[in-house]
Amino acid sequence: MSPIAAPAARDRLRIAIQKSGRLSDPARELLRACGLDWRESRDRLFCFGETLPVDLLLVRDDDIPGLIAEGVCDLGIVGRNVLAEQRAECAAQDRAPPFRELVALGFGQCRLMLAVPEERAWTGVASLAGLRIATSYPRLLERWLAERSLVATIVNLSGSVEIAPRLGQAEVVCDLVSSGATLAANHLRPVETLLECEAVLAGPAAEFQGPRAELAELLRRRIDGVLRIRDSKLLLCQAARAALPGVLRLLPDAEAPTLTPIDGSDQLAVQALCHGAITWQRLEELKRAGASRLLVLPIERMLA
Ligand code: ATP
Ligand code: ZN
């Protein structure tokens with residue numbers, strides 16, 4: 001049997017990720033942290049999952065929503081920008097989108113922004129009227145303009161949007177921005193944000209059926225666990241009962257701590273799962289508030 005079997009014949013889950021690009025390494029890392037493993041060879045698009053019945057499809061990011069829609073894959077890791085553009089395309093055609101965002105994954109952060117040449121005066125969105133805006137996200141831009149009753153010309157480009165003003169193709173660009181270095185290198189200035197983006201887990205609009213439903217649920221639980229512990233640490237310390245309120249005030253990002261009395265003293269052992277960074281400065285503040293024997297431990301796995 002060919003590994004790329006028809007959807008109905010499959011009881012393994014198939015997840016599509018970007019073959020190469022900004023999201024491919026972090027997507028692989030996330031899946032490995034979830035206990036998946038596979039062997040890759042350079043030109044293979046299909047990777048058989050060796051630890052779970054979950055296989056990988058390595059594709060271009062733009063193809064992922066369509067592959068989910070066709071049932072060729074069950075889940076995908078893709079930028080919200082790609083998903084939102086294709087969703088807006090469905091809406092423009094009066095079709096319900098066959099895919100949806102399931103979980104935001106916390107990497108690949110960027111913004112879809114309008115940017116103008118540095119020398120161009122910007123007095124607010126009204127100054128877009130009548131201009132040409134170059135973008136690879138025509139549906140999102142069209143919707144954003146319509147919501148503001150603005151009329152501008154959308155110049156649809158599949159790449160190199162940032163050089164459109166210099167080439168005389170447009171006065172304004174609408175493109176993805178992360179550090180802003182590409183804009184600055186092209187003498188462009190960001191002026192408006194259309195969409196906050198990051199990588200997301202995408203799946204079909206309809207619920208899964210059969211064995212794939214259980215696998216998808218298992219993978220989602222593991223992804224939740226991995227995301228929750230990403231910046232989390234376990235803090236152990238001791239504090240006198242009277243000092244406890246002051247110590248806990250310094251731990252606003254902690255889940256309800258476990259408190260254990262220490263025999264023969266007025267001290268409590270405190271164990272708290274903190275979701276923010278525990279810096280040296282924070283440890284010193286905790287010590288001043290009355291905590292002692294402070295220990296910060298990394299978390300390996302979490303299953304809520
Ligand atoms: P493919 O060959 O798969 O079509 P691509 O060139 O479309 O690749 P990349 O440039 O690798 O895609 O970007 C993938 C995703 O990374 C984007 O869709 C976006 O969600 C995210 N991203 C984060 N920062 C940026 C950025 N500065 N520019 C572009 N994309 C970014
Ligand atoms: Zn792409």
Side-chain angles (χ1 to χ4, degrees), residues 14-31 40-47 56-70 72-73 75-90 97 99-116 118 133-144 154-166 170 172-203 223 227 230:
R14 196 176 284 163
I15 172 160
I17 64 170
Q18 196 185 20
K19 181 170 168 54
S20 66
R22 291 172 203 264
L23 303 185
S24 50
D25 284 344
R28 283 174 172 87
E29 268 165 40
L30 174 67
L31 296 177
E40 276 187 44
S41 63
R42 197 182 319 188
D43 43 334
R44 271 226 313 248
L45 298 183
F46 183 87
C47 306
L56 234 56
L57 217 50
L58 307 179
V59 295
R60 285 200 54 197
D61 62 349
D62 317 72
D63 294 338
I64 292 176
L67 291 169
I68 293 174
E70 290 164 21
V72 174
C73 67
L75 297 170
I77 294 180
V78 63
R80 179 177 293 134
N81 44 299
V82 171
L83 212 57
E85 174 68 17
Q86 297 197 23
R87 199 182 310 124
E89 177 68 39
C90 289
F99 41 77
R100 64 188 163 128
E101 175 176 330
L102 300 175
V103 187
L105 299 175
F107 58 84
Q109 281 93 346
C110 57
R111 291 168 156 179
L112 184 63
M113 297 193 83
L114 287 179
V116 296
E118 278 162 0
I133 312 175
T135 190
S136 307
Y137 295 87
R139 289 302 189 186
L140 289 176
L141 176 58
E142 180 183 69
R143 191 179 66 192
W144 187 88
I154 298 174
V155 180
N156 189 2
L157 299 178
S158 57
S160 306
V161 168
E162 64 282 359
I163 58 167
R166 264 189 292 158
V172 181
V173 305
C174 171
D175 203 5
L176 296 175
V177 181
S178 43
S179 69
T182 308
L183 287 188
N186 287 284
H187 305 289
L188 295 168
R189 180 161 54 102
V191 289
E192 285 286 326
T193 299
L194 279 71
L195 187 67
E196 298 278 352
C197 308
E198 65 186 287
V200 303
L201 182 73
I223 288 177
L227 296 180
R230 198 161 259 179

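In what follows, residues are counted from 1 in the order of the sequence shown. Order of appearance sets the numbers: ligands from 1, and atoms from 1 within every ligand.
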What are the two closest non-hydrogen atoms of Ile64 and Ala16, and how far apart are they? CD1-O, 3.9 Å

If the criterion is any heavy atom closer than 4.0 Å to an atom of ligand 1, which residues make the list? Gln18, Gly21, Arg22, Leu23, Arg60, Asp61, Asp62, Gly79, Asn81, Val82, Gly108, Gln109, Cys110, Leu176, Ser178

If you apply the rule side-chain contact (heavy atoms from CB on, under 4.5 Å), what do you find for Val161 with Cys174, and how did you get there? CA-CA 8 Å; Val161 168; Cys174 171; over 6 Å; no

If we only count heavy atoms from C-beta on, is the Val59 to Leu45 side-chain gap below 4.5 Å? no

Only residue of Leu141, Thr193, Val177, Val173 satisfying side chain to side chain contact (heavy atoms under 4.5 Å, CB included) with Leu114 is Leu141

Out of the N/O/S atoms in Asp62, what is the name of the one closest to the Zn ion (ligand 2)? OD1

Answer key: the N, O or S atom of Asp61 nearest to the Zn ion (ligand 2) is OD1

Measure the shortest side-chain to side-chain distance between Phe107 and Leu30 over non-hydrogen atoms and say whether it is less than 4.5 angstrom. yes

Restricting to pairs with a member in residues 175-187, which pass side-chain hydrogen bond (donor to acceptor under 3.5 Å, both in side chains), not counting sequence neighbours? Glu118-His187, Arg166-Asn186

Validation row: Gln86, Phe99 side chains within 4.5 angstrom (heavy atoms): yes

